[in-house]
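Reviewing the structure listed below.
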Amino acid sequence: MDPKDIKWEELGFGYIECDYRYVSKYKDGKWDDGAIITDSNIVLNECACVFQYSQSVFEGLKAYYTKEGDIVTFRPDMNAQRMYDSAKRLEMPPFPIDRFVDAVEKVVAANKHFVPPYGTGASLYLRPFMMGTNSVIGVKPADEYEFRILVTPVGPYFKGGAKPIKIKVSDFDRAAPCGTGNIKAGLNYAMSLYPIQLAHREGFAENMYLDAKTRTKVEETGGANFIFITKDGTLVTPKSDSILPSITRRSIMEVAEKYLGMKVECREVPFTEVKDFAECGLCGTAAVVSPVGMIYDHGEEIYFPSGMDDMGPWTKKIYETLTGIQRCEIEAPEGWIKKIN
Ligand code: PLP
Ligand code: COI
């Protein structure tokens with residue numbers, strides 16, 4: 001697609017094929033040098049480990065223009081580390097952290113013309129992913145792998161932009177039963193496809209998943225972590241080993257404490273406490289900070305005092321400070337912003 005034909009302001013969260021992707025292959029115990037290529041197709045044997053046993057992990061991060069005209073990414077080393085950990089959990093050879101960050105830089109620089117202009121609200125989404133590529137029929141890891149980063153310009157993850165969404169408490173578990181909930185693996189997300197379609201058919205934007213063991217504690221949604229604000233302005237965010245350790249959430253905790261002077265609590269959140277919070281939001285690379293107006297729990301509607309029209313006041317402050325830092329309008333903590341040359 002010619003970037004001149006893209007209506008940046010109207011973009012949703014979809015895939016638009018861009019010109020270049022980064023690829024590196026692993027064979028005979030080592031990663032090759034990697035390259036920027038044009039072919040968006042991957043041809044694999046029918047018995048490739050990724051098809052048979054879903055041996056795949058992925059990441060997500062964004063690149064955007066600042067007011068000054070620089071292109072920047074936000075904490076790519078954190079994505080590199082998380083992908084490293086995910087790969088180890090799935091018996092894959094981790095892609096080296098410095099090479100991940102270098103690949104991010106190269107693929108964004110190659111696709112500069114697809115980075116949405118400043119002020120459009122859109123950004124370039126990067127999807128690093130890795131898969132087992134050789135044929136495997138007994139249950140075992142592959143010996144050969146492909147690491148790839150594709151890019152695509154995206155707009156808001158939820159329809160309606162910053163308008164509060166309605167979500168429902170799911171009866172399903174998001175994580176795979178083998179406890180892979182804290183990594184980004186293809187298998188995890190496939191498990192959430194049925195519940196998310198069900199939620200959409202019922203008119204909800206997302207699911208609130210509760211802990212699989214007791215179904216009494218708040219975990220996360222299909223694609224974002226939760227933040228809650230108490231009536232006295234404390235930020236509360238669920239602590240759990242089976243949720244994805246969101247980079248956005250970890251950044252928000254620091255922003256809330258150091259920039260906004262808020263009290264921050266990362267702890268177990270009983271579902272029974274949810275009705276007492278003043279504000280609720282979802283956070284993630286794709287979701288950024290998206291306000292939740294109502295949670296539907298088996299016939300009961302929990303509306304937050306912040307309402308269905310706007311972000312709550314604290315959520316808004318968090319959103320503005322975080323995105324201000326990401327776009328270099330507010331000074332970032334050391335090492336958070338990586339400029340693309
Ligand atoms: N939780 C899930 C299940 C996700 O898919 C994502 C998105 O990456 C997040 C949380 C948010 O993580 P991050 O802020 O690192 O993008
Ligand atoms: C992200 O925010 O990067 C995600 O991975 C969420 C979703 C698109 C799966």
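Just follow the structure's listing: the first ligand is 1, and inside any ligand the first atom is 1. Only this structure's heavy atoms are used, side chains among them; waters, hydrogens and symmetry mates stay out.
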Under a 4.5 Å cut-off applied to non-hydrogen side-chain atoms, are K217 and L210 in contact?
no
At a heavy-atom distance under 4.0 Å, which protein residues reach ligand 1? Sort them by chain and number, would you?
R82, R174, K184, Y189, E220, T221, G222, G223, A224, N225, L244, S246, I247, T248, C283, G284, T285
Determine whether a donor-acceptor pair (N or O, by modelled atom type, separation under 3.5 Å) exists between the side chain of [X] and the backbone of [Y].
X: D102; Y: D98; answer: no
X: D32; Y: S24; answer: no
X: T323; Y: Y319; answer: yes

What I want to check is whether the side chains of E146 and T133 have a donor and an acceptor closer together than 3.5 Å.
no
Any protein N or O within less than 3.5 Å of an N or O in ligand 2? List each pair with its distance, or say none.
| from | atom 1 | to | atom 2 | distance (Å) |
| --- | --- | --- | --- | --- |
| ligand 2 | 2 (O) | A286 | N | 2.8 |
| ligand 2 | 3 (O) | Y125 | OH | 2.5 |
| ligand 2 | 5 (O) | Y125 | OH | 3.4 |
| ligand 2 | 5 (O) | K184 | NZ | 2.6 |

Taking side-chain contact (heavy atoms from CB on, under 4.5 Å) as the criterion, tell me which of I149, V72, L126 meets it with V108.
L126
Test E220 against every option in N225, N207, T237 by the side chain to side chain donor-acceptor pair (under 3.5 Å) rule and name the one that passes.
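Single pass found, and it is N225.
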Looking at Y64, I'd like to know if the NZ or CZ of R327 sits under 6.0 Å from its six-membered ring centre while staying within 45 degrees of the ring's axis.
yes
Should the pair F95 and F147 be assigned to parallel (<30°), tilted (30 to 60°) or perpendicular (>60°) ring geometry?
parallel
